[in-house]
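Sharing a structure below in structure tokens format, with a few things to ask.
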Amino acid sequence: MSLDINQDNLYLLLPSKVAWLADMLSEDKNISIVEAMRMIYSSDTYKQLEKETTKMWHLGPVALYQEIDR
């Protein structure tokens, strides 16, 4: 069983990271979860997050929040 993260299995990590991030954005910016999800999925941060080569999947929700809130 391979435990390596690669472009083919990175999608397994993204939903939990997006969920944490959406919750934080929703609360801090007083927006709906749906609006927070739209903000995340349309961001440059998400475009980088979904590329395994950037290694942004290593980042936790606080670091990702700081990236998206720039």
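All figures in this text were calculated on a predicted structure; none of them were measured in a lab.
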**Verdict with supporting geometry, Ile40 and Thr45, side-chain contact (heavy atoms from CB on, under 4.5 Å)** = CA-CA 8 Å; Ile40 294 164; Thr45 299; over 6 Å; no
**Lys17 side-chain N/O to Leu64 backbone N/O, donor-acceptor pair under 3.5 Å** = no
**Message:** Keeping Ser43 on the side-chain end and Ile68 on the backbone end, is there a donor-acceptor pair under 3.5 Å?
**Reply:** no
**Prompt:** When clusters are formed from ILVMFWY side-chain contacts under 4.5 Å, directly or step by step, what else is grouped with Val34?
**Reply:** none
**Request:** Hey, could you give me the OG1/CG distance between Thr53 and Leu10, rounded to the nearest 0.5 Å?
**Result:** 9.5 Å
**Message:** Rounded at 0.5 Å granularity, tell me how far OG in Ser32 sits from CE in Met39.
**Reply:** 10.0 Å
**Request:** Dump the intermediate steps for side-chain contact (heavy atoms from CB on, under 4.5 Å) on Asp44 and Glu67, then the final yes or no.
**Result:** CA-CA 9 Å; Asp44 289 332; Glu67 286 291 321; over 6 Å; no
**Request:** Measure the spacing between CG of Leu49 and CH2 of Trp57 and express it to the nearest 0.5 Å.
**Result:** 11.0 Å
**Message:** Rounded at 0.5 Å granularity, tell me how far CE in Met56 sits from CG in Leu13.
**Reply:** 13.5 Å
**Item:** side-chain hydrogen bond (donor to acceptor under 3.5 Å, both in side chains) against Lys55, all qualifying residues, sequence neighbours excluded
**Value:** Glu52
For residues 19-30, run the donor-acceptor check on the side chains, cut-off 3.5 Å, and write out each pair with its distance to 0.1 Å, sequence neighbours left out.
residue: Ser26; atom: OG; partner: Ile31; partner atom: O; Å: 2.6
residue: Asp28; atom: OD2; partner: Tyr65; partner atom: OH; Å: 3.2
residue: Lys29; atom: NZ; partner: Asp69; partner atom: OD1; Å: 2.7

